[in-house]
Amino acid sequence: MSEVNLPDVVTLEEPTPGYPVYVIRHPKFSGKIARHGAHVMEWTPSGQRTALYLSPTAIFKEGKAIRGGIPLCWPWFGPHATDTSLPSHGFVRTRFWNLIQATATESTVTFVFEIESDESTKKLWPFQFVLRATIIMGESLTVRLETFNTDKQAIEISEALHAYFSIGEIVHVNVTGLDQTTYMDVVDEPILCLQEGPVMIDQEVDRNYISTSDVELHDLTDNRCLLIKKRGSGTTVIWNPWIEKAATLADLPDKDYQRFLCIEPANEGNTLVIIPPGENHCIEMTVTVQAT
Ligand code: TA6
């Protein structure tokens, strides 16, 4: 792997030895991206509070997903359909990716990471693939995940851009863009429901909305709105663990459920993706912060 020259606005840090994190300090924004999981840890437009939540007790160790930022869930979302011994949310958020490119313009910085199938991935998922993550940081943030089927057979994937958005106070936010949308409530036994009006959070929420719509996260504490546009995604997952579930997560302070809401462009359940041999699929999210 040849070394990639980093733009001047990027420095390399290691929260733990051998765990590279790219730190971006640009006049218009700042950010952090870990090579582990091609994981966006932080994105902060200048003059704004940070847009993504990152747990202060996140663990930076190979094989453990970072709690917060934007974990990339692939090639399956949630628990594996048949083998509970396999890692939840697939196996790419828990391994180091290859940095292919890091470039900058006067208004953006772009990182491209890739993972290619090998013997270790085939033990978990017996298919050939190339997976590419493109992260474009600027006054907005774009995360693009492209699956290239390099196998001789069709492949079926589920996936999510599992974004943790930073908020002022969980009971003072709402999400619009999902009114009259069907969702599967998976907090307990799955049950099909219909969303009436904005999504409000006053309990554990774990919902898979069948929707291709863009959504808006309205933060009434911080007087701002996060516009979340997506493409290539048929499901929007909304999750907050609330009090009891938060207390079971060792890498999340008990009270921090109040400080984030996960809104995740995804494909899962009824919107699984089948990619013919030699073809590819792209899921993408673009986030913009607006003061209100
Ligand atoms: O966000 C949806 C979800 O599948 C929830 O059910 C919850 O498990 C969450 O992901 C976090 O999963 P993780 O494996 O990162 O703890």
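The structure presented is a predicted model; accordingly, all values stated were derived computationally and were not measured. The first residue in the sequence is number 1, and the count goes up from there.
The shortest side-chain heavy-atom distance between K230 and T236 falls under the 4.5 Å cut-off. Under the 4.5 Å side-chain criterion, counting only non-hydrogen atoms from C-beta, T271 is not in contact with V273. Taking the side chain as every heavy atom from C-beta outward, T44 and F29 never approach each other to under 4.5 Å. Side-chain contact between V215 and Y209 is absent, with no heavy atoms from C-beta onward closer than 4.5 Å. For the pair I33/M137, a side-chain contact is recorded, criterion being any heavy-atom separation below 4.5 Å from C-beta on. Considering only heavy atoms from C-beta on, T176 stays 4.5 Å or farther from V199 through its side chain. V237 has its side chain out of reach of R207: every pair of non-hydrogen atoms, C-beta onward, lies at least 4.5 Å apart. In this structure, T121 and F127 have side chains that are not in contact, with every pair of non-hydrogen atoms separated by 4.5 Å or more.
Classification of the F260-Y164 ring pair by plane angle, with boundaries at 30° and 60°, yields tilted. Aromatic ring pairs are classed by plane angle as parallel below 30°, tilted from 30° to 60° and perpendicular above 60°; the pair W76 and F91 is perpendicular. Using a 30° and 60° split on the angle between ring planes, Y22 and F113 fall in the tilted class, from 30° to 60°. The aromatic rings of W125 and W74 lie perpendicular to each other, with more than 60° between the two planes, well past the 30° mark. In this structure, F96 and Y19 have perpendicular ring planes: the angle between them is above 60°, well past the 30° mark.
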Going through the distances and angles, do E146 and E284 end up as a side chain to side chain contact (heavy atoms under 4.5 Å, CB included)?
CA-CA 9 Å; E146 294 173 278; E284 181 180 284; over 6 Å; no

From CA spacing to verdict: side chain to side chain contact (heavy atoms under 4.5 Å, CB included), E216, L226:
CA-CA 6 Å; E216 295 184 355; L226 275 64; over 6 Å; no

Could you walk me through whether T181 and S211 pass the side chain to side chain donor-acceptor pair (under 3.5 Å) test, one step at a time?
CA-CA 7 Å; T181 300; S211 167; 5.0 Å; no

Stepwise side chain to side chain donor-acceptor pair (under 3.5 Å) test for E42 and S30:
CA-CA 8 Å; E42 181 206 315; S30 62; 3.2 Å; yes

Please lay out, stage by stage, how T286 and T142 fare under the test side chain to side chain donor-acceptor pair (under 3.5 Å).
CA-CA 4 Å; T286 295; T142 292; 2.7 Å; yes

Does the pair V173 and F165 meet the rule for a side chain to side chain contact (heavy atoms under 4.5 Å, CB included), with working shown?
CA-CA 11 Å; V173 303; F165 290 107; over 6 Å; no

Could you walk me through whether S166 and R49 pass the side chain to side chain donor-acceptor pair (under 3.5 Å) test, one step at a time?
CA-CA 9 Å; S166 175; R49 214 172 49 71; 2.8 Å; yes

V21 and E14: side chain to side chain contact (heavy atoms under 4.5 Å, CB included), yes or no, with the steps?
CA-CA 6 Å; V21 170; E14 291 194 351; over 6 Å; no

For R25 and E13, run salt bridge (charged side-chain N to carboxylate O under 4.0 Å, His left out): C-alpha distance rounded to whole Å, both residues' side-chain angles, the deciding distance at 0.1 Å, then the answer.
CA-CA 13 Å; R25 295 181 181 85; E13 296 182 3; 3.3 Å; yes

Mind running ring-ring contact (aromatic ring centres under 6.0 Å, His included) on F60 and H36 for me, showing each step along the way?
CA-CA 9 Å; F60 300 105; H36 188 265; 9.0 Å; no

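Judged by distance alone, the side chain of D151 and the main-chain N or O of I155 form no donor-acceptor pair under 3.5 Å. When atom types are taken as modelled, the side chain of W97 and the backbone of V92 share a donor-acceptor pair closer than 3.5 angstrom. Using modelled atom types, no side-chain atom of N267 and backbone atom of L272 make a donor-acceptor pair closer than 3.5 Å. In this structure a side-chain-to-backbone donor-acceptor pair under 3.5 Å is missing from D206 to V187. For D219 (side chain) and D222 (main-chain N/O), a donor-acceptor pair under 3.5 Å exists by modelled atom type. Listed for the H39 side chain is a donor-acceptor partner under 3.5 Å among the backbone atoms of G68. Within the 3.5 Å criterion, the main-chain N or O of A51 finds no donor-acceptor partner in the side chain of Q48. Between the T134 side chain and the V112 main chain, no donor and acceptor come within less than 3.5 Å of each other.
The nearest pair of heavy atoms linking P253 to S55 is CD-OG, 3.5 Å. Between V186 and P190, the shortest heavy-atom contact is CG1-CB, 4.3 Å. Here the shortest heavy-atom pairing between A154 and I274 reads CB-CG2, 4.2 Å. In plain terms, the two heavy atoms of P79 and S88 that are nearest each other are N-OG, 3.9 Å. Residue W242 comes nearest to N240 through the heavy atom pair N-OD1, 2.8 Å, listed as atom of the first residue, atom of the second, then distance.
Note that CG of L249 is 11.0 Å distant from CG of D256, once rounded to the nearest 0.5 Å. The CD atom of Q258 sits 13.0 Å away from the CD1 atom of I201 when rounded to the nearest 0.5 Å. In this structure, the separation between CG on L99 and CZ on F111 is 6.5 Å, given to the nearest 0.5 Å. In this structure, CZ on R224 lies 10.5 Å from OG1 on T221, to the nearest 0.5 angstrom. With rounding to the nearest 0.5 Å, the separation of CD in Q290 from NE2 in H218 is 9.5 Å. Here the CG-CG distance, from L145 to L161, works out to 6.0 Å after rounding to the nearest 0.5 Å.
For the pair E159 and R144, the salt-bridge criterion is not met [side-chain N within less than 4.0 Å of a carboxylate O]. Of the charged side-chain nitrogens involved, at least one lies within less than 4.0 Å of a carboxylate oxygen, so that D251 and K64 count as a salt-bridged pair.
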